Amino acid sequence: MGEVVNLNRVRKERARAEKKAASAANRVAHGRSKAERGQAAREKAAADRLLDGSKRED
């Protein structure tokens, strides 16, 4: 005879595992510090200024 399984516990463990996997994916996607976001914004602003300064007016 097989082992008795509490279906509620299995369901909750599965939900926790799915939530943990989604959290890990979000950490990868959004896991930059405030300093890193600021540095990226400054680099983008510098690149935009360089491109705007290089435009020719006809």
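Computed from a prediction, not measured in an experiment: that's the story for all the values here.
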For Gln39, enumerate each residue passing the side chain to side chain donor-acceptor pair (under 3.5 Å) test, keeping only those at least two apart in sequence or located in another chain.
Arg42, Glu43
Donor-acceptor pair, distance only, cut-off 3.5 Å: does the side chain of Glu36 make one with the backbone of Ser33?
yes
What is the minimum heavy-atom distance between Arg37 and Arg32, and which atoms define it?
NH1-O, 2.9 Å
Please say which of Lys12, Lys20, Arg14 ends up in a side-chain contact (heavy atoms from CB on, under 4.5 Å) with Arg16.
Lys12
